[in-house]
There are 2 protein chains.
Amino acid sequence: MLKKPARPNFGQIAPDVICLGVWTGDEMVLPRAARTQRRTRIQEEKEEQILEAALEVFSANGFRGSTIDQIADVAGMSKPNLLYYFRTKEAMHRALIDRVLDTWLDPLRAFDAEGNPVAEIRSYIRRKLEMARDFPRESRLFANEVLQGAPHIVGELKGPLKQLVDEKAEVIRSWAKAGKIAKCDPYHLIFAIWSTTQHYADFDVQVRAVLGQENAGEGRFEDAARFLERLFVDGLQVRE
Amino acid sequence: MLKKPARPNFGQIAPDVICLGVWTGDEMVLPRAARTQRRTRIQEEKEEQILEAALEVFSANGFRGSTIDQIADVAGMSKPNLLYYFRTKEAMHRALIDRVLDTWLDPLRAFDAEGNPVAEIRSYIRRKLEMARDFPRESRLFANEVLQGAPHIVGELKGPLKQLVDEKAEVIRSWAKAGKIAKCDPYHLIFAIWSTTQHYADFDVQVRAVLGQENAGEGRFEDAARFLERLFVDGLQVRE
DNA sequence: TGATAATTTGACCGGTTGGTAAACATTACA
DNA sequence: TGTAATGTTTACCAACCGGTCAAATTATCA
């Protein structure tokens, strides 16, 4: 028992469709969004809501382990409604990765060649630990992805990420050459800082289980910071 | 069009069913397995095959991301056949965890209170790195599990694992007290060794992507070993 | 060697999952 | 304020997924 729409209509045009018009007589009529080139208030809000929910779910279950229904639930909207904004599960995941990757790499970008080496390394560790504490979901999102072979982000890893690391590795190498820190492989140094700090986000359950109820409070980040700063600063000091 | 079995039969008795008999007249007849108390050659072989395949699949996709069909495919047998040996996906996963966890903790167990502290730490790092190189799937199996909240192994983490770590932490603390190594939080030291070494298994794709084609050969484990030994040994040296 | 037990398979089932179609409801601009 | 355009919902579908069943096949041992 189908009912014709009362008036002609462009029909369902998802927010991510760039342009789609209809011929009326001999001129093409574009939908409003295509004319104004602007996203609706509702679009901004809903996409925000969805990405927040997607982060929650993807980071906890990985891509394949997450379902659109779960995300819709967390976002507080119906599944088809969610699919109106992101047409596939992949699209949501991609949008999320794109949004998060940049801020995730910020601490490394802040690594300053002109600064004091020891102070730079120390503050890099501290910043990474703060991110592990304040944005564990973002960390787990990437961890899940990389762990399962990074099917959706290999490009980013081999491109922008490698480039950035290459650049910073050169800085570290120059510090070592100038005798400001011990000679060491800069790449493995960066890996070591990444792994030790992100460990507190990615393996949080394990860390808390091992520390036990009494020591698993927020203080663990301070303890970790103290230990890691000491380890890296002393471990990288020049020795003869 | 059902056909009666030509002769009486115990029917489907999965290998993990302990005992199940039938009354024939007035005496109970037990199946052969119950009488001989022995597992078949075929059972040993097939369970081995299945667990190997399960390791491959679970470690690459996580629990929820893996399907029984995938595992059956890799194991080279039909799904119902696989389910004849392990009655549920959970049972397979559990069997796998149980088998792997022990060997996974071996290096930490080998940590010797009587040994030379620096040598012990150095050899622990080396052993963990060797495991990351030789058994990356085992590492990823746990990483996937822990990352997603360790739903299936919380018990192991809070029980046997915590206990073992507590014990070894005490050893480290005594070394520090005796002035053999720098004073430091033993738990965070262990976390640091775990994370830096397992990083090369769990984040392998990322490591290889960042190192680039030329440096991503097997030599990366030697480079990592050199760097990490140096870092921890120097970082833990007593200073005044 | 033949009966009995162990193993394997194809067909199937109910629930879930990613995604669609079309009707309905709301918003925003001319 | 009316109407074109945007946003939401209900009902649905086909593929997938974990698991079962009964029959067929193969191995074992008295």
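Per chain, numbering begins at 1; letters A, B, ... match sequence-line order. These numbers were taken from a predicted model, which means no experiment stands behind them.
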To the nearest Å, how far apart are [X] [atom1] and [N] [atom2]?
X     : N      : atom1 : atom2 : result
B:E90 : D:dC17 : CD    : C1'   : 13 Å
B:I71 : D:dG19 : CD1   : P     : 11 Å
A:L82 : C:dT20 : CG    : C1'   : 15 Å
B:E45 : D:dT26 : CD    : C1'   : 14 Å
A:R64 : D:dC16 : CZ    : C1'   : 10 Å
B:D73 : D:dC16 : CG    : C1'   : 14 Å
B:Y85 : D:dT20 : OH    : P     : 17 Å

Could you check which of [options] has an atom nearest any side-chain atom of [X]?
X     : options                : value
A:P80 : D:dC17, D:dA11, C:dT7  : D:dA11
A:K46 : D:dT8, C:dT8, C:dG18   : D:dT8
A:K79 : D:dT20, C:dA6, C:dG19  : C:dG19
B:D69 : D:dC17, D:dG19, C:dT17 : D:dC17
B:K89 : C:dT8, D:dT8, D:dG19   : D:dG19
B:L83 : C:dT9, D:dT8, D:dT20   : D:dT20
B:Y84 : D:dT8, C:dT8, D:dC17   : C:dT8

Is it the case that the side chain of A:R64 and the backbone of B:G62 share a donor-acceptor pair, with hydrogens and angles ignored and the cut-off at 3.5 Å? no

Is there a donor-acceptor pair under 3.5 Å between the side chain of A:K89 and the backbone N or O of A:F63? yes

Tell me whether the OP1 or OP2 atom of D:dT9 has a side-chain N or O from A:N81 closer than 4.0 Å. yes

Taking 4.0 Å as the cut-off, does a side-chain nitrogen or oxygen of A:S78 come that near to OP1 or OP2 on D:dT8? no

Between B:L141 and B:S59, what is the shortest heavy-atom contact and its length? N-CB, 3.9 Å

Will you find, in the side chains of A:Y187 and A:D166, an N or O donor that is under 3.5 Å from an N or O acceptor? yes

Would you mind classifying the nucleic acid contact of A:T67 as base, sugar-phosphate or nothing, using non-hydrogen atoms under 4.0 angstrom? sugar-phosphate

For A:F86, report the nucleic acid contact type (base, sugar-phosphate, nothing); a contact means any heavy atom under 4.0 Å. nothing

d(B:L161 CG, B:L101 CG) to nearest 0.5 Å is 7.5 Å

